[in-house]
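Shown next, in C-alpha cells, is the structure this report addresses.
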Amino acid sequence: MTSPSGRLAGKVAMVTGASSGIGKACIERFSAENATVIAVDIAKPVTEGLMGPLSSYACDVTNSDSIKEVINNISSEYGGLHIVVNSAGVSARNALSDTTDIERIWDRVIEVNLKGTFLTSMHSVPEIEKSGGGAIINLASTMGIVGYPTGLRNGYSAYPPSKGGVVQFTKTLAVDLADRGIRVNCLCPGFVETSLTESLTSDNETNNYLKGLHPMGRLGRPDEIANAALFLASDESSFITGSSLVIDGGYTAQ
Ligand SMILES: NC(=O)c1ccc[n+]([C@@H]2O[C@H](COP(=O)([O-])OP(=O)(O)OC[C@H]3O[C@@H](n4cnc5c(N)ncnc54)[C@H](O)[C@@H]3O)[C@@H](O)[C@H]2O)c1
C-alpha cells in the first residue's frame with residue numbers, strides 16, 4: 001500500500017476557532033493536504049462536505065480543563081498531535097453581547113485572544129513532543145505590530161494589546177521549544193473579510209476606508225491566510241521559528 005500524498009499527509013492537526021473565517025479556511029486547506037484535522041470551537045464547528053478524516057469538539061479555549069481534555073482525547077484517538085492553529089479569537093466589538101462595560105470587554109478580549117492561545121499551546125506541547133515534534137501557529141494581527149487606524153478611534157480596545165501579546169508569546173515559546181522539535185510562529189493578517197470584521201465591512205463608508213488602508217486596495221480573504229498557515233505547518237518551513245509573518249496587502253509597509 002502506498003502512503004497518501006499531500007503536504008500534511010500523516011499529520012494530526014487541531015484548529016481552534018474552526019467554525020468560521022480563518023480557522024474554517026485552515027481546516028479546509030489542511031484537509032485538502034491530507035492532514036487528519038480536528039476542528040475546535042466554542043460554537044459547534046461545521047465539518048460537513050470537507051475532505052479527509054475529520055472530527056469536531058465544542059470547547060471554550062479559555063477553560064483550561066476543557067481544552068486540556070480535548071487535546072488529550074485527540075491525541076489518544078488519533079495517535080498523536082503534530083500541528084496546532086490557535087485561531088479562536090474575538091474583537092472588542094463582538095467579545096461580549098450582554099454588556100458595553102469597557103473593563104469587562106477588555107478582560108474577555110485578553111482572556112480569549114492571549115490566555116486562550118497560551119492555554120491551548122501549553123496543553124498541546126507535551127502531546128506534540130510525544131508525537132515526535134510539530135508546529136504551533138498563532139493568529140496575531142497587524143494590530144499586534146501597529147496601533148488601531150485613526151479612523152476607527154478606540155484607544156481603550158484590548159484587541160491590539162492582546163495581539164501584541166500573542167506576538168511576544170510566540171517568540172518566547174519558540175525559543176523555549178527550539179531544541180525540542182516544536183516550531184512556534186504567528187501570522188499577522190491585515191483586515192480580512194470574516195464575521196469578525198462584518199460589523200465594519202457591512203457599512204459602505206467604513207469598508208471603503210478599510211480597503212484604502214491596504215495598498216492593494218482590498219481586504220484579505222480567509223484562504224490567503226490559510227495558505228500561509230499551511231506553509232508554517234508543513235516541513236517546508238523547517239528552519240522558521242519565532243517569526244511573525246505579515247499578510248496584509250502592504251498595510252504595515254507604508
Ligand atoms: N478577520 C480579521 O480581519 C483578522 C485580522 C487579523 C487577525 N485575525 C485573527 O484571526 C483569528 C480568526 O479570526 P476570524 O476573522 O476568522 O474570526 P471569526 O469570528 O470568523 O472566527 C473566530 C472563531 O473563534 C471562535 N471563538 C471565539 N471565542 C472562542 C473561545 N473562547 N473558544 C473557542 N472558540 C472561540 C468563534 O466562535 C469563531 O468561530 C482571530 O484570532 C482574529 O483575531 C483576524
Side-chain angles (χ1 to χ4, degrees), residues 14-29 38-47 56-68 70-71 84-97 105 107-121 123 137-146 148-149 152 157-167 169-170 186-202 206-207 210-211 213-214 218-226 228-229 244-249 251-252:
M14 177 180 83
V15 179
T16 72
S19 287
S20 174
I22 294 166
K24 191 168 176 217
C26 285
I27 60 171
E28 289 168 355
R29 195 71 188 86
I38 294 91
V40 176
D41 203 290
I42 198 167
K44 186 114 179 96
V46 183
T47 55
S56 67
Y57 290 88
C59 173
D60 182 341
V61 295
T62 69
N63 185 321
S64 185
D65 291 341
S66 303
I67 188 66
K68 185 176 186 199
V70 165
I71 290 162
V84 172
V85 179
N86 283 306
S87 192
V90 291
S91 70
R93 294 177 305 276
N94 75 354
L96 292 172
S97 53
I105 292 171
D107 286 345
R108 184 62 182 167
V109 171
I110 298 288
E111 197 182 18
V112 177
N113 295 1
L114 186 52
K115 192 173 180 190
T117 298
F118 147 67
L119 289 174
T120 307
S121 303
H123 293 310
I137 298 109
N138 298 323
L139 263 299
S141 168
T142 50
M143 296 302 118
I145 303 170
V146 297
Y148 244 29
L152 299 181
S157 170
Y159 189 80
S162 75
K163 295 301 183 180
V166 170
V167 169
F169 172 64
T170 299
C186 68
L187 302 174
C188 296
F191 284 84
V192 181
E193 287 183 44
T194 68
S195 61
L196 196 83
T197 50
E198 210 172 343
S199 63
L200 297 171
T201 55
S202 57
T206 310
N207 196 30
L210 293 180
K211 284 182 185 173
L213 295 173
H214 301 73
R218 65 173 177 88
L219 306 196
R221 298 187 314 268
D223 65 290
E224 293 176 309
I225 315 305
S244 312
L245 179 56
V246 170
I247 316 164
D248 67 355
Y251 186 113
T252 51

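When a ligand or atom number is given, it counts from 1 through the structure's own listing order. When reading the values below, keep in mind they use all heavy atoms of this one structure, side chains included, and skip hydrogens, waters and symmetry mates.
The minimum heavy-atom distance between Val90 and Arg108, with the atom names listed, is CG2-O, 4.3 Å. Nearest heavy atom pair, residue Val112 against residue Thr62, reads CA-CG2, 3.7 Å. The two residues Leu196 and Arg93 come nearest to each other via the heavy atoms O-NH2, 2.9 Å. Thr194 approaches Gly21 most closely through the heavy-atom pair CG2-CA, 3.7 Å. Closest non-hydrogen pair, Leu139 versus Lys163, comes out as O-NZ, 2.9 Å.
With ligand atoms numbered from 1 in the order given, ligand 1 contributes 31 (N) to contacts under 4.0 Å with heavy atoms of Arg108. Applying the 4.0 Å criterion to heavy atoms of Ile22 picks out, from ligand 1, the atoms 10 (O), 16 (O), 44 (C). The atoms of ligand 1 that sit less than 4.0 Å from any heavy atom of Gly89 are 22 (C), 24 (O), 27 (C), 40 (C), 41 (O). The distance from ligand 1 to the heavy atoms of Phe191 drops below 4.0 Å at these ligand atoms: 3 (O). Counting the atoms of ligand 1 from 1 in the order shown, those under 4.0 Å from a heavy atom of Ser195 are 18 (P), 19 (O), 20 (O). Atoms of ligand 1 found under 4.0 Å from any heavy atom of Gly21 (numbered from 1 in listed order, with element): 16 (O), 20 (O). Of all the atoms in ligand 1, the ones that sit under 4.0 Å from a non-hydrogen atom of Asp60 are 30 (C), 31 (N), 32 (N). In the vicinity of Gly190, heavy-atom distances shorter than 4.0 Å reach the ligand 1 atoms 3 (O), 5 (C), 6 (C).
You'll find the side chain of Val246 reaches within 4.5 Å of the side chain of Ile145, heavy atoms only. Counting heavy atoms from C-beta on, the side chains of Val167 and Cys188 come closer than 4.5 Å. Inter-residue side-chain proximity for Leu245 and Ile247 is flagged as met; some heavy-atom pair is nearer than 4.5 Å.
A heavy-atom separation below 4.0 Å is not found between Cys188 and ligand 1. By the 4.0 Å heavy-atom criterion, Glu111 is excluded from the residues contacting ligand 1. At a 4.0 Å cut-off, not a single heavy atom of Asn113 sits close enough to ligand 1 to count as contact. Assignment of Ala140 to the shell around ligand 1 is supported, since a heavy atom sits closer than 4.0 Å.
Considering backbone and side-chain atoms together, Ser141 places no N or O closer than 3.5 Å to any N or O of ligand 1. Taking any N or O of Thr62, backbone or side chain, none lies under 3.5 Å from an N or O belonging to ligand 1. The distance criterion of under 3.5 Å between nitrogen or oxygen atoms is not met by Val112 with respect to ligand 1. The shortest N/O to N/O separation between Pro189 and ligand 1 does not fall below 3.5 Å. Polar contact with ligand 1: absent for Asn94 (N/O pair, distance under 3.5 Å). Below 3.5 Å of separation, one finds an N or O of Asp41 facing an N or O of ligand 1.
In this structure, atom 42 (C) of ligand 1 lies nearest to the protein heavy atom Tyr159 OH, 3.5 Å. Nearest protein neighbour of atom 24 (O) of ligand 1, counting heavy atoms only, is Gly17 CA, 3.4 Å. Closest to atom 26 (N) of ligand 1 among all protein heavy atoms lies Ile42 CG2, 3.9 Å. For atom 3 (O) of ligand 1, the closest non-hydrogen atom on the protein side is Val192 N, 2.7 Å. Regarding atom 15 (O) of ligand 1, its nearest protein heavy-atom neighbour is Thr194 OG1, 2.5 Å. For atom 44 (C) of ligand 1, the closest non-hydrogen atom of the protein is Leu196 CD2, 3.6 Å. In this structure, the protein non-hydrogen atom closest to atom 41 (O) of ligand 1 is Lys163 NZ, 2.9 Å. With respect to atom 20 (O) of ligand 1, the closest heavy atom belonging to the protein is Ser20 OG, 2.5 Å.
Side-chain contact annotation: Thr117 with Asn86, donor-acceptor N/O pair under 3.5 Å absent. Residues Ser20 and Ser195 bring a donor and an acceptor atom of their side chains to less than 3.5 Å of each other. Between the side chains of Thr170 and Asn138, at least one donor N or O sits under 3.5 Å from an acceptor N or O.
Across Ser91, Ser162, Ser87, Gly144, heavy-atom proximity to atom 40 (C) of ligand 1 is greatest for Ser87.
Between the side chain of Ser91 and the backbone N or O of Asn94, at least one donor-acceptor pair lies under 3.5 Å. Formation of a donor-acceptor pair under 3.5 Å by the Thr197 side chain with backbone atoms of Val192 is found in this model.
Using bins of under 30°, 30° to 60° and over 60° for the plane-to-plane angle, the ring pair Phe191/Tyr251 lands in the tilted bin.
Evaluation of the ring-ring contact (aromatic ring centres under 6.0 Å, His included) rule for Tyr159 yields no partner, not counting sequence neighbours.
In summary, Arg29 and Glu224 do not engage in a salt bridge, as defined by a charged side-chain N under 4.0 Å from a carboxylate O.
Contacts of Met143 with ligand 1, taken as heavy-atom pairs under 4.0 Å, are absent altogether.
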